[in-house]
Number of protein chains: 2
Amino acid sequence: MARTRTSSAETTGLRIREAALRLFARHGYAAVSMRQIAAEVGVQVGTLYLHTADKQALLCELMDAHLTDLLDALDKLPPAADPETALDQFTRFHIRFHAQRSDAVFISYMELRNLEPANFARVEALRRAYEQSLQKLLDWGRDEGRFDLPDTKLAAYALIAMLTGVTTWYREGGRLSLDRVEAIYGDMVRKSVGL
Amino acid sequence: MARTRTSSAETTGLRIREAALRLFARHGYAAVSMRQIAAEVGVQVGTLYLHTADKQALLCELMDAHLTDLLDALDKLPPAADPETALDQFTRFHIRFHAQRSDAVFISYMELRNLEPANFARVEALRRAYEQSLQKLLDWGRDEGRFDLPDTKLAAYALIAMLTGVTTWYREGGRLSLDRVEAIYGDMVRKSVGL
DNA sequence: GTCTATACCGCGATAGAC
DNA sequence: GTCTATCGCGGTATAGAC
């Protein structure tokens, strides 16, 4: 018979991760103490160590989860018939996914330098895999003669930087809806590759 | 008669700022201790406080200097005859200026959250002034019917994010020269505004 | 202007009671 | 599984000798 209630251990662990994510994003990993995280969750410091090995593991798990989610979600996109459609789809997917997770995005790009070397290598590999999937899309379009790009690697960097930038200013309920933002950026992206 | 030698106070102050810039960029403001900065410069901790009020002032001065330099340099660009030329000029200027100061760029965008409110407001105003000068350039091009842009504010955000992204991967002596990078990005920028 | 020495605090992490 | 209490370290900043 399946368990129907989550144990308090599971929810405490989850709440610790949520609090850490919010605090790390707001103040930075190094600036946040384990005491602050405990206070945010409403437990004592010692309790944190029942749910995570140490502060470093907490950071690492958050980044890992974010990037794994990102790659999984990308994999689940329906296959596109042509490069133009694939690029539009990517643009909308990237903006939506990132705008809805601005805390995780922020720490995953900004706190890389606080990862120990082994953790850094693993997280960096995930990030590179994502960049390369966009680069492959651009290669496809160029090989089919649809995109006009002298260097698809640079173009991938350029487009990801441009699209991820949305997280720095977009706020729900602001001047523009997410759908409108996706349309405007989608237009610039299409034009920038020569469509 | 003018002084011909700089006092040791002046050079120590300068060296402290250089060391702080490098260390803050590498490890993050919160992760760097005043002891580390002193060691990097080769003085004792107490000496730092002869040249700066406290750690916060050190960070703030670095950001202030970077953004003031940026706006000054932008002001000194020769006037452009038309929007297309102005946009090309801006692209090259932005990439070159930022690629050559990756440490200052990094802390000026990443350590904003570590500024006390009053300092944040002043630094943020400088950053906004820079963004607005690009937006005005885009408005000009759109009003002249040369650029095809539905929202120049978003376009300015998008282009700055794209161009600043160069600092995350560009290294002198790498696969591409800075001039080539400027050309490739310049091409994407032109196309993205409809040229 | 710089150094030595130090005050005082908060940090990450752990031990042991419950 | 959580709390209380604590260890040992390193943090920012300052005082006073030279």
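Heavy-atom basis, side chains included; hydrogens, waters and symmetry copies ignored. A quick note: this is a predicted structure, and the numbers were derived from the prediction, not measured. Throughout, a chain's letter reflects where its sequence line sits, starting with A, and its residues are numbered from 1.
Nearest nucleotide to the side chain of A:Leu50, out of D:dT6, D:dT2, D:dC3: D:dT2.
Put simply, A:His51 has a side-chain N or O that comes within less than 4.0 Å of OP1 or OP2 on D:dT2. Regarding contacts with the backbone of D:dG11, a side-chain N or O of B:Arg35 is found under 4.0 angstrom from either OP1 or OP2. Between A:Thr12 and D:dG1 there is no side-chain N or O to OP1 or OP2 distance below 4.0 Å. The side chain of B:Thr47 contributes an N or O atom lying less than 4.0 Å from OP1 or OP2 of C:dC3. Listed pair A:Gln44 / D:dT4 meets the phosphate criterion, a side-chain N or O lying under 4.0 Å from OP1 or OP2. The phosphate of D:dG10 (OP1 or OP2) has no side-chain N or O of B:Ser33 nearer than 4.0 angstrom.
Within the 4.5 Å cutoff, the side chain of B:Arg113 has heavy atoms near those of the A:Phe106 side chain.
Salt-bridge annotation for B:Asp139 and B:Arg142: present, with a side-chain N of the basic residue lying under 4.0 Å from a carboxylate O of the acidic one.
If you chain together hydrophobic residues whose side chains sit under 4.5 Å apart, B:Leu149 and A:Leu163 fall into the same group.
B:Ser177 is linked by a side chain to side chain contact (heavy atoms under 4.5 Å, CB included) to B:Asp179, B:Arg180, counting only residues two or more places apart in sequence or in another chain.
For the pair A:Tyr49 OH and C:dT14 C1', the computed distance is 9 Å after rounding to whole Å.
Aromatic ring centres of A:His98 and A:Phe93 lie farther apart than the 6.0 Å criterion allows.
Heavy-atom distances under 4.0 Å link DNA chain C to A:Asp54, A:Lys55 of residues 53-66 of chain A, given in residue order.
Counting any heavy atom pair closer than 4.0 Å across all strands shown, A:Val32 reaches sugar-phosphate atoms only and no base atom.
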